[in-house]
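Here is the naming used below: chain letters follow the sequence lines, and residue numbers restart at 1 for every chain. Bear in mind that the values here come from a model prediction, so they are computed numbers and not experimental data.
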Number of protein chains: 2
Amino acid sequence: MLNIVDEKQKRTKCRQCPLLKMKLFRDFSGDELGFIENFKTGELNAGKGSTILVEGSHSAHLFTVLTGWGFRYKLLEDGRRQILNYILPGDLIGLQGSITGEMEHSIEALTDLTLCVFERDRVMELFRKFPELGYDLTWIAAREECILDEHLLSVGRRTAIEKTAYLLSFLHFRASALMAQDTPRFSLPITQQHVADTLGLSIVHTNKTIRKLVDRKLVKWLDRGCTVTNPDELVELAGWEPETTKTRPIL
Amino acid sequence: MLNIVDEKQKRTKCRQCPLLKMKLFRDFSGDELGFIENFKTGELNAGKGSTILVEGSHSAHLFTVLTGWGFRYKLLEDGRRQILNYILPGDLIGLQGSITGEMEHSIEALTDLTLCVFERDRVMELFRKFPELGYDLTWIAAREECILDEHLLSVGRRTAIEKTAYLLSFLHFRASALMAQDTPRFSLPITQQHVADTLGLSIVHTNKTIRKLVDRKLVKWLDRGCTVTNPDELVELAGWEPETTKTRPIL
DNA sequence: CGCTTACTTGACATTGGTCAATTATGGTGG
DNA sequence: CCACCATAATTGACCAATGTCAAGTAAGCG
């Protein structure tokens, strides 16, 4: 399921990175792009459903998602699973592992995934040569923290219907920020089991809760995926405020 | 309740920082300490129960806790509260606010608190002049992320008794890492309401759950505070693994 | 065509929540 | 020192949200 592309010629050049063309991400100088291009040692293709990183393992790499969706999760010994966050194009993964050197969570592909691969060893070089990029890394980590804070609020204090509304609108807004303006409808590539494991609910109760949202015409659940039809009302129901940042860094 | 000390002479000098004497934190070069000392613009004393930062406000500062305990939390509109994490001596707060510029959570003092104050404006200067300190900031943010991941697992997937065992042992280990070796027993400065709001439980159920832990002689709850008497069994019950890092950065 | 995965649904069980009353305990003003 | 008050902890009775079990349907895939 995992396939590494090492040959320089086959790889996406950072200077032509399709993500950077989007207004969503900040502009980089030529020098910065040159460094990142050199910092990038390869590309990884992971098939849908494959596990990219495993809790407890050591990884010498950092990754940035180029295309596709995935999620981070932790397991308890008896198999109970908690999904921590979702990863979408532009997201950096593996930073947390820098601390203990050991991964504290696993990562799985929700769709086929393309990842840029970076060497962890050279991160310090990045901080030395390009302080702005170092600052970006801190920014990225702090943003992830904010998202986790909001998830914690949902899981801990929102009711089943509120937390479901929160999660679906959260994913909807994350995804739509990456879409062209005119994309009318798109489907979130998750199952109800993912929703359950993100929100700390059972799958049965998740199903019944989603059904209520469908009855209220806020979402549709078709073809093994979810389409959000009324994001604003969903946000309202959740008592949440979507992120408003214009541009963000990326590695 | 809040009181700022600006006069240079009254402040704790970073070179004599009592925290840095502990084996828990990494060594810094003279240059680094000089920079940090200059970066520090003052000290803030906050009385027990006072609110240091408020969700939605803008703060021009970062803080490091010198002495005392506090906690970060978020509120829903109707007052439901979720405690996100606890802050202890050596912890940095306010990094998250760098992103939107607006605080996404509030901070309250659990005990009287002394904080070192830094100017957020000068963070970029830190990254430029001392890349290692910049790296430390990323490290600190990534560590907070790991902790939040574990909290999310607790709140989402552990049972009431497991999550309570997790929280109390978590706080016990965090606190004991800051104590001298010989400190036999110390008390966590929290109420059962804090435990409830951290774990997403009601206060009544929290009380009954803590009572079970007391009956099993794993903790004591006296004088409005909790003493952990059997941390190992608590960790076992939670199905958790305490942090093992030897030294960490600090700002 | 038959298997597997995902989604549904109803009946019932249980964890954890709500309400309400009670008991410490420490602090404050007289 | 004492009466009074507020906060925190405790407990029992009852209730509601959510979990578990079980069975069934629908769609995708080799």
| Looking only at side-chain N and O atoms, does Gln192(B) come under 4.0 Å of OP1 or OP2 in dT10(D)? | yes
| Which of parallel (below 30°), tilted (30 to 60°) and perpendicular (above 60°) describes Phe71(B) and Tyr86(B)? | tilted
| said: From CZ of Arg80(B) over to P of dG17(C), roughly how many Å is that when rounded to an integer? | reply: 13 Å
| Residues touching DNA chain C, which here means a heavy atom under 4.0 Å, drawn from residues 204-215 of chain A | Val204(A), Asn207(A), Lys208(A), Arg211(A)
| request: Mind grabbing the angle between the end helix axes of the helix from dC1(C)-dG30(D) to dG30(C)-dC1(D)? Five pairs an end, 10° rounding. | output: 40°
| Atom pair distance, as rounded to whole Å: NZ in Lys220(B) and C1' in dA9(D) | 18 Å
| How do Ile203(B) and Gln193(A) order along DNA chain C: which one's closest nucleotide is nearer the 5' end? | Gln193(A)
| query | Without hydrogens or angle criteria, can the side chains of Gln96(A) and Asp149(B) be said to hold a donor-acceptor pair below 3.5 Å? | reply | no
| field | Which nucleotide in dG17(C), dT18(D), dC7(C) has an atom nearest any side-chain atom of Ser202(B) | value | dG17(C)
| If you look at every strand shown and take non-hydrogen atoms under 4.0 Å, does Gly200(B) touch a base, only sugar-phosphate, or nothing? | sugar-phosphate
| What does Leu201(A) touch in the nucleic acid at a heavy-atom separation under 4.0 angstrom: a base, only the sugar-phosphate, or nothing? | sugar-phosphate
| field | Between P of dT15(C) and CD1 of Ile161(B), the distance in whole Å | value | 12 Å
| What residues, two or more places apart in sequence or in another chain, satisfy side chain to side chain contact (heavy atoms under 4.5 Å, CB included) together with Thr67(B)? | Thr114(B)
